[in-house]
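Quick notes on the structure that follows.
These numbers come from a predicted model, not from an experiment. First listed ligand is number 1; within each ligand, the first listed atom is number 1.
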Amino acid sequence: WQRLTGGLSRTSQAISQGVTDIFTKRKLDALKLEELEDVLLRADLGVGATSRIIDAVGKARYEKDIAPEEVRAILAREVEAVLTPVAQPLEIDETKKPFVFLVVGVNGSGKTTTIAKLAAKWRSEGKKVVLAAGDTFRAAAVDQLKIWGDRLGAEVVAGKEGADAAGLAFDAIKRARETDADILLMDTAGRLQNRAELMAELEKIVRVMKKADPETPHSVLLVLDATVGQNALQQVEIFGRVAGVTGLVMTKLDGTARGGILVAIAEAHGLPIHFIGVGEGQDDLEPFTARDFARAIAG
Ligand code: GDP
C-alpha cells in the first residue's frame with residue numbers, strides 16, 4: 001500500500017490539492033463543478049469518467065456545502081467502478097509448460113524492466129524462467145536483459161545483433177522446453193517510427209511461435225508508459241490490432257501527475273490490466289487492484 005500510494009503520489013497530490021482548493025468551505029455550484037472537471041481532465045482521467053464523476057458529485061450536493069473528503073470519496077467510488085472489470089490478476093496456466101509471454105510496447109516504455117520485475121517475482125516463487133532477448137536491434141537492450149538474467153538466475157536466449165526475432169522466438173521456446181522451464185518471457189523491439197515494419201515483425205514472431213507450439217503466445221502483454229499521456233490510448237489500439245494484446249501493464253506511474261490515463265484506457269478499451277510499475281527497482285511492480293488504485297489517486 002505504501003509503495004502504491006508513494007508511486008501514485010504525484011497524481012493524487014494533483015487531484016486532492018485541486019479538490020481541496022475548490023471545495024474548502026464553499027457551496028457546490030456550476031463553477032465549482034467546472035473547476036473540478038478541469039482538475040480531473042488535467043490528470044488525464046478522460047472525458048467519460050470525468051463526466052460521470054461530475055454528475056455524481058453534482059447529484060450528491062448541488063447548491064449545498066460539500067467537503068473535500070466527500071468529493072474524494074465520490075471520486076474514488078466512480079474510479080473503482082470503471083476499474084473493477086479490468087483489474088484482473090495475471091494468471092498462469094501451469095499445465096502449459098513453458099507458459100509463453102510475448103511482451104510488446106514502444107521502446108522506452110519499460111518492457112525490459114517489466115520483464116525483469118515479473119521474472120524476479122516468479123523466481124522468488126521458485127519457478128524456472130527463461131528470457132528471450134527479442135529486441136535484437138538494440139545491443140543495449142540485449143545486454144540489459146542479460147544483466148537481469150544473471151542477477152535473477154534466469155537463462156537468457158539471445159541471438160546475434162540484428163538477428164531475426166521470429167527465429168529467436170522459435171529457438172527460445174525450444175530451449176525453454178528442453179530445460180523444463182515454467183515460464184518464457186519474450187522481449188520485443190518497439191520501433192513505432194516504422195509501423196509497417198513493426199507490424200510485420202510482430203506478426204512474424206507470433207506466426208513462428210505458433211509453429212513451435214500452436215497455443216503460443218499464451219499471453220501478450222502490452223507495456224505502456226503512463227508519462228506519455230494520451231498517446232498511450234493510441235498505442236493500445238495499434239498493438240491490439242497487430243499483436244492481439246491480452247493484457248496491460250502500465251509503468252512509470254511514479255513519474256507523472258497524470259496517472260488518470262489508466263482510467264481513460266480502462267474505459268476506452270476494456271483490456272485487462274494486470275500490474276502497474278511504480279519505480280525502477282525489481283520490486284516496484286504492484287498487482288493492479290481497482291479499489292487500491294482508486295483510493296490512492298483520490299488522495
Ligand atoms: P524498453 O525499451 O521498453 O525495454 O524500456 P526499459 O525497460 O529499458 O525502460 C526504460 C526506462 O524506464 C529505464 O530507465 C527504466 O528504469 C525506466 N522504468 C521502467 N519502468 C519504470 C517505472 O515503473 N517507474 C520508473 N520511474 N521508471 C521505470
Side-chain angles (χ1 to χ4, degrees), residues 2-13 44 90 101-121 129 131-152 154 156-158 161 165 168-169 172 185-195 197-198 201-202 205 220-229 231-232 234-236 238-239 242-243 245 247-262 265 273-288 292-293 296-297:
Q2 248 157 20
R3 199 159 26 217
L4 180 69
T5 48
L8 291 169
S9 62
R10 291 181 59 185
T11 300
S12 72
Q13 269 162 25
D44 267 344
L90 188 58
F101 286 97
L102 182 64
V103 183
V104 301
V106 302
N107 285 342
S109 61
K111 281 186 302 296
T112 309
T113 312
T114 300
I115 286 171
K117 289 171 174 175
L118 288 170
K121 177 181 124 58
V129 179
L131 309 177
D135 188 354
T136 55
F137 287 87
R138 294 190 305 164
V142 176
D143 290 343
Q144 199 193 344
L145 203 66
K146 283 183 178 162
I147 293 169
W148 279 115
D150 280 346
R151 197 181 300 169
L152 301 170
V156 177
V157 179
E161 197 174 334
L168 184 81
L185 285 153
M186 167 115 186
D187 201 359
T188 58
R191 291 155 298 136
L192 209 52
Q193 317 70 282
N194 191 336
R195 223 171 267 182
E197 217 174 275
L198 176 78
E201 179 166 301
L202 288 175
I205 290 172
V220 180
L221 295 181
L222 171 61
V223 176
L224 293 168
D225 173 348
T227 66
V228 305
N231 278 341
Q234 214 190 343
Q235 291 173 15
V236 180
I238 294 167
F239 282 95
V242 181
V245 172
L248 308 175
V249 176
M250 179 162 269
T251 63
K252 307 192 200 178
L253 277 157
D254 54 306
T256 178
R258 314 186 77 161
I261 188 64
L262 186 145
I265 285 172
I273 302 175
H274 301 305
F275 284 99
I276 55 174
V278 291
E280 294 185 272
Q282 73 179 53
D283 296 326
D284 295 325
L285 187 72
E286 294 287 314
F288 179 66
D292 288 346
F293 186 89
I297 69 162

Can you tell me how far apart [atom1] ([X]) and [atom2] ([Y]) are? Round to the nearest 0.5 Å.
| X | Y | atom1 | atom2 | answer |
| --- | --- | --- | --- | --- |
| Q282 | T113 | CD | OG1 | 11.5 Å |
| R258 | R10 | CZ | CZ | 11.0 Å |
| S9 | I297 | OG | CD1 | 12.5 Å |

Please work out whether any backbone atom (N, CA, C, O) or any side-chain heavy atom from C-beta onward of [X] is under 4.0 Å from ligand 1, and answer side chain, backbone, both or neither.
| X | result |
| --- | --- |
| T114 | neither |
| K117 | side chain |
| D135 | neither |

Tell me which protein heavy atom sits closest to [atom], plus the residue, atom name and distance to 0.1 Å.
| atom | result |
| --- | --- |
| atom 5 (O) of ligand 1 | G110 N, 3.0 Å |
| atom 13 (C) of ligand 1 | E280 OE2, 4.1 Å |
| atom 2 (O) of ligand 1 | G108 N, 2.6 Å |
| atom 22 (C) of ligand 1 | G279 O, 3.1 Å |
| atom 8 (O) of ligand 1 | Q144 OE1, 3.4 Å |

- prompt: Which pair of non-hydrogen atoms, one from T11 and one from A257, has the smallest distance, and what is that distance?
  reply: OG1-C, 3.4 Å
field: Test item: R3 and D283 side chains (from C-beta on) under 4.5 Å apart, heavy atoms
entry: yes
- request: Please tell me if the side chains of T251 and T114 come closer than 4.5 Å, counting only heavy atoms from C-beta onward.
  value: yes
message: I need the full list of salt bridge (Lys or Arg N to Asp or Glu O under 4.0 Å) pairs touching residues 101-121, with sequence neighbours left out, sorted by first then second residue.
response: K121-E125
- line: Out of K111, E286, R138, K252, the nearest non-hydrogen contact to atom 18 (N) of ligand 1 is supplied by K252
message: Quick test of your reading of the structure: of T113, D254, T112, N107, whose heavy atom lies closest to atom 15 (C) of ligand 1?
response: T113
I need the atoms of ligand 1 closer than 4.0 Å to a non-hydrogen atom of [X], numbered in the order shown.
| X | answer |
| --- | --- |
| V106 | 3 (O) |
| G277 | 23 (O) |
| V278 | 23 (O) |

- request: Could you tell me whether ligand 1 has any atom less than 4.0 Å away from a heavy atom of A141?
  value: no
query: Do D187 and T112 have a side chain donor and acceptor closer than 3.5 Å?
result: yes
message: Regarding ligand 1, does L253 bring an N or O atom to under 3.5 Å of one of the ligand's N or O atoms?
response: no
statement: When L131, V103, L221 are each screened for side-chain contact (heavy atoms from CB on, under 4.5 Å) with L118, the one that passes is L221
field: Passing option when I205 is tested against L102, L168, V104 for side-chain contact (heavy atoms from CB on, under 4.5 Å)
entry: L102
